[in-house]
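Quick notes on the structure that follows.
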Amino acid sequence: MQTEIEKLKNRLRSARSLVILTGAGVSAESGVPTFRGADGLWRSHNPQELATPGAFEADPFLVWEWYDWRRSIISKIQPNPAHYAIAELEKRYLEFTLITQNVDGLHAVAGSKKVIELHGSIWTVRCVECGNSSENRDVPIKILPRCPCGGLLRPAVVWFGEPLPEEALFRAFEASSNAAVMLVVGTSGVVQPAASLALRARDAGAFVAEINPEATPLSSIVDLRLPCKAGELMPTLL
Ligand code: OAD
């Protein structure tokens with residue numbers, strides 16, 4: 001393992017640009033439940049009942065209760081050493097992009113500045129009538145929250161069946177195409193188009209390393225696989 005870590009450190013030392021793609025696993029050691037896996041959120045909740053536009057239309061109260069519960073968990077926890085190491089890595093590269101699928105906002109709390117939130121943020125709400133977005137950190141949130149225009153507010157996160165924010169996706173593909181090194185940290189690599197960013201980076205010539213205790217569909221395409229916990233491995237890269 002030490003040889004592999006050294007190999008990655010050498011790549012990082014000489015890289016002119018670094019892209020880091022993160023998923024729920026990077027927040028796992030902070031206490032945020034992941035989606036898949038033994039204790040994953042999708043084991044006890046049906047995505048179709050909670051994370052789709054149709055589910056919100058059918059029962060906005062239920063969907064908001066679930067998001068309120070997640071917001072209350074996230075509001076009480078802190079970034080872990082992986083978030084802090086990623087924020088530190090950002091300072092060392094002129095060309096750096098952090099692409100996250102996480103909606104918890106923990107990267108920003110740890111000090112990351114250049115974050116593309118591919119799936120939105122659990123701390124942003126959007127009006128289903130007028131489309132206005134605003135920050136909302138109320139815990140608990142008043143269910144059902146309303147926009148000044150009277151419309152119902154929803155979490156500004158990407159649900160199943162919805163497209164990703166166009167500009168965020170464009171910038172993520174641009175960064176991945178220009179990466180010298182990409183670190184894929186704590187994602188199961190099954191949700192598209194996020195997972196395809198790793199393929200894009202590899203095809204464009206980047207050295208791609210995966211940090212995840214479990215193998216994923218991306219494991220066979222990466223240049224280096226480090227079967228480690230993000231909070232333990234990431235600080236050793238500094
Ligand atoms: P998943 O829950 O699918 O995958 C979490 C990954 O993190 C798994 O591969 C775990 O093995 C890994 N993992 C667990 N603990 C870890 C640790 N300490 N260090 C490193 N890795 C660890 O989460 P995502 O891949 O982020 O989308 O899921 C992608 C999207 O699916 C989410 O953004 C969400 C969900 O549906 C939306 O809500 C739109």
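Order of listing sets the numbers, starting from 1, for every ligand and every atom in it. Below, each value reflects all heavy atoms present in this structure, side chains not excepted, and no hydrogens, waters or symmetry copies.
- The two residues His83 and Ala110 come nearest to each other via the heavy atoms CB-CB, 3.5 Å.
- Contacts between Thr34 and ligand 1, counted as non-hydrogen atom pairs separated by less than 4.0 Å, involve both the backbone and the side chain.
- Both the backbone and the side chain of Ala230 come within 4.0 Å of ligand 1, counting heavy atoms alone.
- With sequence neighbours excluded, the residues forming a ring pair (Phe, Tyr, Trp, His ring centres under 6.0 Å) with Phe160 are Trp42, listed by chain and number.
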Worksheet item: Glu174 and Arg171: salt bridge (Lys or Arg N to Asp or Glu O under 4.0 Å), yes or no, with the steps?
Response: CA-CA 5 Å; Glu174 278 280 299; Arg171 288 194 292 129; over 6 Å; no
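- Put simply, no part of Ala51 is less than 4.0 Å from ligand 1, judged by heavy atoms.
- The closest side-chain donor-acceptor pair between Ser17 and Asn178, if any, does not fall under 3.5 angstrom.
- Residue-to-ligand polar distances keep Thr216 apart from ligand 1: every N/O pair is separated by 3.5 Å or more.
- In this structure, of Asn212, Leu21, Val157, the residue bringing a heavy atom nearest to atom 8 (C) of ligand 1 is Asn212.
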Any chance you could lay out the side chain to side chain contact (heavy atoms under 4.5 Å, CB included) test for Arg11 and Asp223, step after step, and finish with the verdict? CA-CA 11 Å; Arg11 288 282 181 165; Asp223 298 290; over 6 Å; no
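- Nearest protein heavy-atom neighbour of atom 15 (N) of ligand 1: Ala28 CB, 3.7 Å.
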Apply the test side chain to side chain contact (heavy atoms under 4.5 Å, CB included) to residues His107 and Val26: give CA-CA distance (whole Å), side-chain angles for both, the deciding distance (0.1 Å), then the verdict. CA-CA 9 Å; His107 282 303; Val26 87; 3.9 Å; yes
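- An N or O contact shorter than 3.5 Å links Phe35 to ligand 1 by distance.
- Of all protein heavy atoms, the one lying nearest to atom 31 (O) of ligand 1 is Arg36 NH1, 3.1 Å.
- Protein heavy atom at the shortest distance from atom 38 (O) of ligand 1 is Val158 O, 3.9 Å.
- The residue from Asn136, Asp138, Val157 that alone fulfils the side chain to side chain contact (heavy atoms under 4.5 Å, CB included) condition with Val125 is Asn136.
- Of all protein heavy atoms, the one closest to atom 25 (O) of ligand 1 is Thr187 OG1, 2.6 Å.
- At the shortest separation from atom 6 (C) of ligand 1 among protein heavy atoms lies Gly186 O, 3.5 Å.
- At the top of the distance list for atom 27 (O) of ligand 1, counting protein heavy atoms only, stands His119 ND1, 3.4 Å.
- Grouping Ile, Leu, Val, Met, Phe, Trp and Tyr residues whose side-chain heavy atoms lie under 4.5 Å apart, directly or via other members, places Leu218 in a hydrophobic cluster with Val19, Leu21, Ile99, Ile116, Leu118, Val158, Leu164, Leu169, Phe173, Met182, Val184, Leu197, Leu199, Val208, Ile221, Val222.
- At a heavy-atom distance under 4.0 Å, atoms from both the backbone and the side chain of Gln101 approach ligand 1.
- Closest heavy-atom contact between Ile5 and Thr236: CG2-OG1, 4.1 Å.
- Proximity annotation for atom 14 (C) of ligand 1: of Gly189, Gly25, Ala24, Gly25 comes nearest, heavy atoms only.
- Among protein heavy atoms, the minimum distance from atom 18 (N) of ligand 1 is reached at Glu29 OE2, 2.7 Å.
- For atom 30 (C) of ligand 1, the closest heavy atom belonging to the protein is Val191 CG2, 3.6 Å.
- Of the candidates Leu89, Thr22, Asn80, Met234 forms a side chain to side chain contact (heavy atoms under 4.5 Å, CB included) with just one, namely Leu89.
- The contact set between ligand 1 and Glu214, taken as ligand atoms under 4.0 Å from a residue heavy atom, comprises 11 (O).
- Heavy atoms of Trp159 stay at 4.0 angstrom or farther from ligand 1.
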